Amino acid sequence: MLSALRWSLSIGNKIFRVVPKETVLVVVATLVSQFSLVLASLLPLKVVMLLGSTSIPRYFPSFFSGIDRDVLVVSLGLLAVGFYVLHLLSEKVVSYGSSTGAASLLEKSQKMTLFENQSEIASQGYQRYSRSLASSILLILISVGLSLVYPNLALTLLIFILLSFFVLYALYSAGGKVKEGLDDAPGKIVGTATNIGFLVAFSFMVGHFLWGNPPGLLVAVVALILMRQGFSRITGLVNDLKGLHSQRFKLNALFFHGHILVNEVKKHEANFWSLLQSADSDSWIVALLKNTVDETVSKIKVKWTQLGVPDVAAFTVEAFGHADDVKGKYIIKLFGSNKKAQARHEATLLLANQSLPALPLLDVDEIYGLNCHVFEWFPVGEVLPKRIKTAKDVIAGNLMAVEPGRDLVSRFSRSRPMLWQRVDEKLVDRLVTISRMVGGGLDSYASELSCKHVEIIRRLKKLPLVIVNPEISQDLIYKDEGGDLLLIHWARWSLEPVGAGWSVEPEQLDQLDSAIQEAQEKRAIFKDVSIDDAKLAAFLFEVERLCRRQQFIQALRLIPVILECLEGEPEKTPLAESKV
């Protein structure tokens, strides 16, 4: 908190020193905007009070008594409209001053382009700072105003604010949900506190009017509006300071001449690595294993296992009992907080299918808010780099033989788009558009593909579904004692029509037919599968992948063989131009 305040003062000193005129303009315009909005909200209430009485009420200022009631109603109404227009004009001035001030700061810092949208980020940062400064001034003025017109209410609000501060500070120090909320979205918690404060103040006013010696009704109305504006300014101030602090690394690089752009440590990275680097990392692993596999585990030996997947850590653990007897070997995967969905996705598959080429999943747990999977680890060997391509084909063939359960298919189809939904008319239209720009005869193929889109969808839907794991790399493939291949990461699995996910290189594609024939022994549904339809799924899966990566030319070169699959022509079609 103190570091954030010090940084705000530092950036404010820089802004005032470099662009004082623009800053003063934005602050003044913001104050005018807020005051005019308060008056634009107050005046209609006075008009309603006048309309509800036959004469000018006695609680109105005395100089109103000499004005005709109808004239006063029209005048106050027009004045309310005028103040609202002034509010809108002031906001325009704020926007203009923020853009001008940010541009001047960028020009004087003499920096090259550092990242996308840096002008917008600079303008937003400058506007947030100016708005927070204006909000601070406005809060001071509102506090002084309330103290003068309604000192009892001002004292009540001061006591409530102090109590709220100490309560939130105590809850923050204790950790838990409140600390997490104040770190992530302090404006939400502060907003809740200010809403409670408004209700407390309103209750005080009602009690004061019923049993005390209150000020005039008009003073109470003005105090109510000022109080509401003050509370909203507190919430806005907290949000602006939070927004500023969250962009501090970029703003430092943009506004300070001697600062360079450094990578901010993301929250999920901080939590993830702090858990791994903590001195008591062994203790939470021991506790996890005690709950999962054996209560007698007392100590462990940990070894890092490389996955090559960002924000997912894996380590093999050898567990020992009190007498140093080996209790077992396990592999633990720890998912970063930004990988919760992938962790749940992997668990959904592995808990529902025991016949996969995967390690047995023993438990799914949560450690300090991070998802954790515990697998049984038995002696395995690594696959040589030169055997990776062959291993991928073997695993893809083995997955064909695994029958996905009905519940798994139902849940997946309700949650994720299938291949025939991803290769939709929009994707085909993009290919047609780009083929016209590329030329070389590809436009006619793309147009034919568009005409046959309905037939493509029909044939894809007829194919049986298989489990596909797109993350098959050297770090993730192992062999068990019997020589069978295993994959140790399943966070991005999907259900696809048979053939999808298979390599379209000629050497691998030629093995698709034999893989389907082998799968027929375990899945009778494969007896009706056409090899042309399976190849169609393989090519369309590759086209969709290439289009996602904006590699449209490579995708266009696959269209001729896709059309040949639709026509059922011989499989010996040369694919030299189709390689990617």
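The chain is numbered in sequence order, starting from 1. Only a predicted model underlies this, so the values are computations on that prediction, with no experimental measurement involved. Just so you know, these numbers use all the heavy atoms, side chains as well, and skip hydrogens, waters and symmetry mates.
- Residues passing the ring pair (Phe, Tyr, Trp, His ring centres under 6.0 Å) test with His87, sequence neighbours excluded: Tyr84.
- Using a distance-only test at 3.5 Å, with no hydrogens or angles considered, a donor-acceptor pair links the side chain of Ser232 to the main chain of Gln229.
- Judged as a side-chain contact (heavy atoms from CB on, under 4.5 Å), and not counting sequence neighbours, the contacts of Leu79 are Leu43, Phe83.
- Taking the side chain as every heavy atom from C-beta outward, Leu289 and Ile300 approach each other to under 4.5 Å.
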task: Go through Arg131 and Ser135 one step at a time and tell me if the side-chain hydrogen bond (donor to acceptor under 3.5 Å, both in side chains) criterion holds.
output: CA-CA 6 Å; Arg131 192 167 55 210; Ser135 295; over 6 Å; no
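- A 4.5 Å side-chain heavy-atom check between Leu162 and Leu158 finds at least one atom pair inside the cut-off.
- Here Tyr150 and His208 bring their ring centres to under 6.0 angstrom of each other.
- Around atom CZ of Phe202, no more than 12 heavy atoms belonging to other residues, nucleotides or ligands sit under 6.0 Å away.
- Of the possible polar contacts, none joining the Thr100 side chain to the Gly97 backbone as a donor-acceptor pair under 3.5 Å is found.
- Expressed to the nearest 0.5 Å, how far CD1 of Ile488 lies from CD of Gln306 amounts to 10.0 Å.
- Partners of Val167 under the side-chain contact (heavy atoms from CB on, under 4.5 Å) rule, at least two apart in sequence or in another chain, are Leu171.
- Across Ala40 and Ala80, no two heavy atoms sit closer than the pair CB-O, 3.8 Å.
- Counting only distance, with no hydrogens or angles, the side chain of Trp493 and the backbone of His345 share a donor-acceptor pair below 3.5 Å.
- Side chain of Ser203 to backbone of Leu199: a donor-acceptor contact under 3.5 angstrom is found.
- Atoms CE and OG, on Met418 and Ser494 in that order, are 8.0 Å from each other to the nearest 0.5 Å.
- Of the inter-residue distances, the one linking Leu419 atom CG with Leu495 atom CG reads 12.0 Å to the nearest 0.5 angstrom.
- A 6.0 Å sphere centred on CD of Glu425 holds no more than 12 heavy atoms belonging to other residues, nucleotides or ligands.
- When side chains are defined from C-beta on, Lys333 counts as touching His489, because their heavy atoms get closer than 4.5 Å.
- One N or O on the side chain of Ser415 and one on the backbone of Arg411 form a donor-acceptor pair closer than 3.5 Å.
- The side-chain contact (heavy atoms from CB on, under 4.5 Å) test applied to Arg549 returns Arg545, Gln551, not counting sequence neighbours.
- Between the CD atom in Glu366 and the CG atom in Leu370 there is a gap of 7.5 Å [rounded to 0.5 Å].
- Residues passing the ring pair (Phe, Tyr, Trp, His ring centres under 6.0 Å) test with Trp490: none are found, sequence neighbours excluded.
- To the nearest 0.5 Å, the span separating CG on Leu157 from CG on Leu146 amounts to 6.5 Å.
- Although no hydrogens or angles enter the test, the distance criterion places no donor-acceptor pair under 3.5 Å between the side chain of Asp424 and the main chain of Trp420.
- A salt bridge between Glu496 and Arg416 is absent, with no side-chain N of the basic residue lying under 4.0 Å from a carboxylate O of the acidic one.
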task: Please report the C-alpha distance between Leu141 and Phe35 in whole Å, then the side-chain angles of each, then the deciding distance to 0.1 Å, and finally whether the side-chain contact (heavy atoms from CB on, under 4.5 Å) criterion is met.
output: CA-CA 10 Å; Leu141 295 176; Phe35 275 118; 3.7 Å; yes
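- In this structure, Phe412 and Thr348 have side chains that are not in contact, with every pair of non-hydrogen atoms separated by 4.5 Å or more.
- Side-chain contact between Asp363 and His373 is absent, with no heavy-atom pair separated by less than 4.5 Å.
- Separating the OG atom in Ser173 from the CG atom in Leu168 is a distance of 10.5 Å, to the nearest 0.5 Å.
- Of the residues Val28, Val27, Val26, Val32, the one that meets the side chain to side chain contact (heavy atoms under 4.5 Å, CB included) test with Thr30 is Val26.
- Ion pairing of Asp311 with Lys339 is absent here, as no side-chain N (NZ or NE/NH1/NH2) approaches a carboxylate O to less than 4.0 Å.
- In this structure, the side chain of Arg233 does not engage the main chain of Leu138 through any donor-acceptor pair within 3.5 Å.
- For the residue pair Asp240 and Ser132, no side-chain donor N or O sits within less than 3.5 Å of a side-chain acceptor on the partner.
- A salt bridge is absent between Arg492 and Glu346; no separation between the charged side-chain nitrogens and carboxylate oxygens falls under 4.0 Å.
- At a threshold of 4.5 Å between non-hydrogen side-chain atoms, the residues Val94 and Ser130 do not count as touching.
- Phe375 has its side chain out of reach of Ile332: every pair of non-hydrogen atoms, C-beta onward, lies at least 4.5 Å apart.
- Considering only heavy atoms from C-beta on, Asn152 comes within 4.5 Å of Phe204 through its side chain.
- With sequence neighbours excluded, the residues satisfying side-chain contact (heavy atoms from CB on, under 4.5 Å) with Thr235 are Val190, Thr194, Asn239.
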